[in-house]
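What follows is a single structure, written as structure tokens, with notes after it.
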Number of protein chains: 2
Amino acid sequence: MQGMADRNPVRQRRARPDIREVLLESALVEFGAKGFDGASTRSIARRVEAHQPQLNYHFESKAALWTAAVDYLFGLLGEELADVLPTEIAGLDVSQLATIFAGGLRRFVGFAAKHPELNQIMVHEGTAASDRLEWMTATHVKPFFEAIKPGWLLLRSAGIAAPIDFEILYYVLIGAASLPYVNAPEVRLLTGRDPKHPDWIKAHGDALVAILLPGLAAAPSG
Amino acid sequence: MQGMADRNPVRQRRARPDIREVLLESALVEFGAKGFDGASTRSIARRVEAHQPQLNYHFESKAALWTAAVDYLFGLLGEELADVLPTEIAGLDVSQLATIFAGGLRRFVGFAAKHPELNQIMVHEGTAASDRLEWMTATHVKPFFEAIKPGWLLLRSAGIAAPIDFEILYYVLIGAASLPYVNAPEVRLLTGRDPKHPDWIKAHGDALVAILLPGLAAAPSG
DNA sequence: GTCTATAATTAGATAGAC
DNA sequence: GTCTATCTAATTATAGAC
């Protein structure tokens, strides 16, 4: 009960064993909402009742914090989509492949709804050239892009996937699958609906499967 | 040739009659690339060899500059899509309506390629609640959203548009149509292609018409 | 209307007590 | 490892000479 006891009424001296993860998750949200330049380390710390210098203690710099956040999110995405990787789909027939891809597309929509920060950060960074964009593209986006390419090409040849150039398809897919969650605050203002409601996510996944894999229903089932 | 003559080698004292428009266009680019918080008025001025206080002279504040930029861009979009407004499509049969909508979709893609700043600003702002988002949604996004709604519902009833909930369709369409231009720097790094090349834009528009208006080709022609 | 100088605030990072 | 205090640099906005 010193004289300055109530200057920071909620914050007391305390060690949190999970503080690194707590700070990282706060950073995801802030970087996603404001972009790298717009995000403030003070705000990231304040959001979880920590102090701004703790970020420089647990991470080397604001840039290193951003890198750790992106690594973490792409790690989660990789776990979610492990079954559509080329090593997993080798040897499947096109019908099985189509089913796997439809499931992957639905899970990608679910992931974008659950972790909108990944697509928010990507779309923020992708608007201007930077060292961060070069690193993120080379390290995470390109491997993801190349991983789904062979499956798409096969499904397109089989007449199951829409006849769209893969590079265009990639951006159509990412944009169409992620925007409602990237811009969830706008969705709520514009439509009065919550895009994170299971009904929205289900209908959204169904819609993308229907328009991007139009030959799926007609494909032979075995 | 005073002693400080070369401190600002390119900038000389000069009055530009079009300076307000020059500053506004510089602001579009900066707000699109960095978001509101990440954009700096110094950088906006420097980009066009002007001085930072000129922004406060010609616009009230950074916020007023942002508002003027958004008004300007939505004005351009309105001109581009005037023919798909409800007042223009009243009385058309569904086949004519489908043709108008396909053309509108292609022009929207062309607009997003030519003026990526509009969708960049929208996606930056839509990531977090703010007074700016509320104003932009109520003033510009909602009227646009409501204007294309009746046409879509009619085409969907006629079996020409994909059977997708309009609110979901809206975000699928905007995301799919704009992402390659919003994230053009990433597209170049990832694919080596330029999404603003006419071949890309044409193929992109064709793809969106094919997947969103799948009944167009089969529709009776008059 | 342009430009320099500067006020007031906030940013990321660091030092050092605890 | 936490926390306060503070450094340097950057921010938006304003005052006033030209």
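Note that the structure is predicted; figures quoted are calculated from it, not measured. Note on naming: letters A, B, ... go to the chains in the order of the sequence lines (proteins, then strands), and numbering restarts at 1 for each one.
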Practice prompt. State which of D:dA13, C:dT2, C:dT14 makes the closest approach to the side chain of B:Gln54.
Written response: C:dT2

Worksheet item: Hey, does A:Ala39 reach any base, or is it just sugar-phosphate, or nothing, if we go heavy atoms under 4.0 Å?
Response: sugar-phosphate

Worksheet item: Do A:Lys34 and B:Thr127 touch side chain to side chain, with heavy atoms closer than 4.5 Å?
Response: no

Worksheet item: Which heavy atom in A:Leu28 sits nearest to a heavy atom in A:Ala69, and how many Å separate them?
Response: CD2-CB, 3.4 Å

Practice prompt. Would you kindly give the CG-to-P distance between A:Leu23 and D:dC3, to the nearest whole Å?
Written response: 11 Å

Worksheet item: When the distance from CH2 of A:Trp66 to P of C:dA11 is rounded to whole Å, what number comes out?
Response: 21 Å

Worksheet item: Can you tell me if the side-chain N/O atoms of A:His51 get under 4.0 Å from OP1 or OP2 in D:dT2?
Response: no

Worksheet item: How many Å lie between NZ on A:Lys62 and C1' on D:dA9, as a whole number?
Response: 14 Å

Worksheet entry | For atom CZ of B:Arg46 and atom C1' of C:dC3, their distance in whole Å | 16 Å

Worksheet item: What's the CZ-P distance between B:Arg20 and C:dT2, to the nearest Å?
Response: 12 Å

Response to the item:
Comparing A:Pro17 with B:Asn56, nearest DNA chain D nucleotide closer to 5' gives the residue A:Pro17

Discussion item. Can you confirm if the NZ or CZ of A:Lys196 lies within 45° of the ring axis of A:Tyr181 and under 6.0 Å from the centre of its six-membered ring?
Written reply: no

Worksheet item: Between C:dA11, D:dT2, D:dT14, which nucleotide gets closest to the side-chain atoms of A:Ser40?
Response: C:dA11

Discussion item. From the set C:dG1, D:dA5, D:dT2, return the single nucleotide nearest to any side-chain atom of B:Tyr57.
Written reply: C:dG1

Discussion item. What's the separation between atom CD1 in B:Ile89 and atom CG in B:Leu155, rounded to the nearest 0.5 Å?
Written reply: 8.0 Å

Worksheet item: In this structure, are over 12 heavy atoms from other groups packed under 6.0 Å from A:Lys142 atom NZ?
Response: yes

Worksheet item: Taking atom C1' of D:dG1 as reference, at what distance in whole Å does atom CZ of A:Phe59 sit?
Response: 14 Å

Response to the item:
Here the distance between atom C1' of D:dT11 and atom CZ of B:Phe31, to the nearest Å, is 13 Å

Practice prompt. Can you figure out which of C:dA11, C:dT14, D:dG1 approaches the side chain of A:His58 most closely?
Written response: D:dG1

Practice prompt. Respond yes when some side-chain nitrogen or oxygen of B:Gln52 is under 4.0 Å from OP1 or OP2 of D:dA13, and no when none is.
Written response: no

Item to complete: Classify the nucleic acid contact of B:Arg16 as base, sugar-phosphate or nothing, counting any heavy atom under 4.0 Å across all strands shown.
Response: sugar-phosphate

Discussion item. Need one value for A:Ile19: base, sugar-phosphate or nothing, where a base atom within 4.0 Å counts as base even if backbone is also close, heavy atoms only.
Written reply: sugar-phosphate

Worksheet item: Whole Å only: how far is the CZ atom of A:Arg42 from the C1' atom of D:dA9?
Response: 13 Å

